[in-house]
There are 2 protein chains.
Amino acid sequence: MAEHTDDVGAELRRAVTRLASRFRSERLEGEVPDAALQVLVVLEKRGGMSLTELAASAHVTLGSMSQTVRRLEALGHLTKSRDDVDRRRVVFQLTAQGSSAADASLRHRRDWLNARLAELTEDELADIARAAPLLLRLGDS
Amino acid sequence: MAEHTDDVGAELRRAVTRLASRFRSERLEGEVPDAALQVLVVLEKRGGMSLTELAASAHVTLGSMSQTVRRLEALGHLTKSRDDVDRRRVVFQLTAQGSSAADASLRHRRDWLNARLAELTEDELADIARAAPLLLRLGDS
DNA sequence: AGCATTTACTTAGTGTTACTAAGCAAATCG
DNA sequence: CGATTTGCTTAGTAACACTAAGTAAATGCT
């Protein structure tokens, strides 16, 4: 069993690292990078969010997230405002431009991945469908 | 089916991105980063390699790999020499220090991942074992 | 009310890594 | 022999992650 877990673990690490890198290399000219896109996506889903909330959702430090949103703001993809109730707090919100940039990027990424997944058999696809939530659990551990 | 692939794709992307980031955050003080470690690992497995070979195996440009190996050389983890047959070619080889650094790092990473995997059920582990090679295939597509 | 402490955020420095462009050296080809 | 190709290096750039240091605002305690 320990031997078996070893092999699975090594292969899993290799596969995940490689696939994550592959996702990144599919980025088109003009598209925002992954971390920035994830910010846009989560803002689209949840509306206005504070820096602390964004950093927590991305599992990065406040400093890192501050830099990311600064770049997105400079691109006009989001706005930043002070919370009226607690002036320490800033609230970031998606702009229309940011929303459409995110949608375009997501569509392109989805199409690429779906085309890859469509090359798999039904059984293979089912294997991946079963494994994905498990991988996410590992990632959140 | 298209709807189903969509959901699987989105979840897969999220899981892979998150898990890859999680792997990175498990790096200990003094350990080389992922890309550098992969160079050490592949040199350990295959002996001396040229810059072009290393870059190809990592799916990055020559420029990127040149920088990575430069840092590793500075750390004393590998040596660089000119090929006697073709003076354009450089050959990189692992040092004893690099080998032991890689082994220590791999052991730590393996232990962490194995501990995570050990928390899964037999069925879950089997699902991941079946999915890993598929993910690798996607990553190499 | 005033001060100490905590919370929320910003910024600069640093390291890593990926890409590109420009350039040098060596080998090959016609 | 010169043109072309191959192998590599380096600098510039962007992104992003961490840390440390600092400011501002809110909270809690006396």
Note to self: Given 3.5 Å as the limit, does a donor-acceptor pair link the side chain of S100(A) with the main chain of Q97(A), or not?
What the structure shows: yes
Margin query: Does anything in residues 44-74 of chain B come within less than 4.0 Å of DNA chain D? Heavy atoms only, and list the residues if so.
Written below: S50(B), L51(B), T52(B), L62(B), G63(B), S66(B), Q67(B), R70(B)
Next item on the list: Look up atom OG1 in T95(B) and atom CD in E73(B), then write down how far apart they are to the nearest 0.5 Å.
Entry: 10.0 Å
Check: Are the side chain of R82(B) and the backbone N or O of V90(B) linked by a donor-acceptor pair below 3.5 Å?
Finding: no
Check: Checking S57(A) side chain against L54(A) main chain: does a donor-acceptor pair fall under 3.5 Å?
Finding: yes
Checklist line | For V91(A), the option from D84(A), T79(A), D83(A) that meets side-chain contact (heavy atoms from CB on, under 4.5 Å) | finding: D83(A)
Margin query: In this structure, how many angstroms lie between the P atom of dA26(C) and the CZ atom of R87(B), rounded?
Written below: 8 Å
Check: Does any pair with a residue in residues 47-68 of chain B pass salt bridge (charged side-chain N to carboxylate O under 4.0 Å, His left out), and if so which ones, sequence neighbours excluded?
Finding: E53(B)-R89(B)
Checklist line | Those residues that, when tested against R70(A), pass side chain to side chain contact (heavy atoms under 4.5 Å, CB included) (two or more places apart) | finding: Q67(A)
Next item on the list: Output every pair passing salt bridge (charged side-chain N to carboxylate O under 4.0 Å, His left out) with a member in residues 28-43 of chain A, not counting sequence neighbours, ordered by first then second residue.
Entry: D34(A)-R109(A)
Note to self: Under 4.0 Å, heavy atom to any atom of DNA chain D: which of residues 77-86 of chain A qualify?
What the structure shows: V85(A), D86(A)
Notebook entry, point to check: Can you check whether R22(A)'s main-chain N or O pairs, donor with acceptor, with S25(A)'s side chain at less than 3.5 Å?
Noted result: yes
Check: Any sub-3.5 Å donor-acceptor pair from S66(A)'s side-chain atoms to L62(A)'s backbone N or O?
Finding: no
Margin query: Tell me every residue that passes side chain to side chain contact (heavy atoms under 4.5 Å, CB included) with P33(A), counting only those two or more places apart in sequence or in another chain.
Written below: R27(A), A36(A)
Item checked: Nucleotide range of DNA chain D lying under 4.0 Å from chain A heavy atoms -> dA15(D) to dA26(D)
Margin query: Can you pull out the residues from residues 22-41 of chain B that lie within a 4.0 Å heavy-atom distance of DNA chain D?
Written below: none
Notebook entry, point to check: So which pairs with a foot in residues 123-133 of chain A pass salt bridge (charged side-chain N to carboxylate O under 4.0 Å, His left out), sequence neighbours left out?
Noted result: E124(A)-R137(B), D127(A)-R130(A), D127(A)-R130(B), R130(A)-D127(B)
Check: Is any side-chain heavy atom of H108(B) closer than 4.5 Å to a side-chain heavy atom of E26(B)?
Finding: yes
Taking only N/O atoms, report every protein-nucleotides 1-4 of chain C pair under 3.5 Å with atom names and distance.
none

Output side-chain donor-acceptor pairs under 3.5 Å for residues 41-49 of chain B, partner residues at least two apart or in another chain, one line each.
residue: E44(B); atom: OE2; partner: S99(B); partner atom: OG; Å: 2.7

Check: Has the side chain of R116(A) got a donor or acceptor atom that lies under 3.5 Å from a matching backbone atom of L138(B)?
Finding: no
Notebook entry, point to check: Does the side chain of V60(B) come within less than 4.5 Å of T68(B)'s, by heavy atoms?
Noted result: no
Next item on the list: State, with a plain yes or no, whether a side-chain heavy atom of V32(B) is found less than 4.5 Å away from one of H77(B).
Entry: yes
Item checked: Angle by which the axis turns from one end of the helix from dA1(C)-dT30(D) to dG30(C)-dC1(D) to the other, five pairs per end, to 10 degrees -> 0°
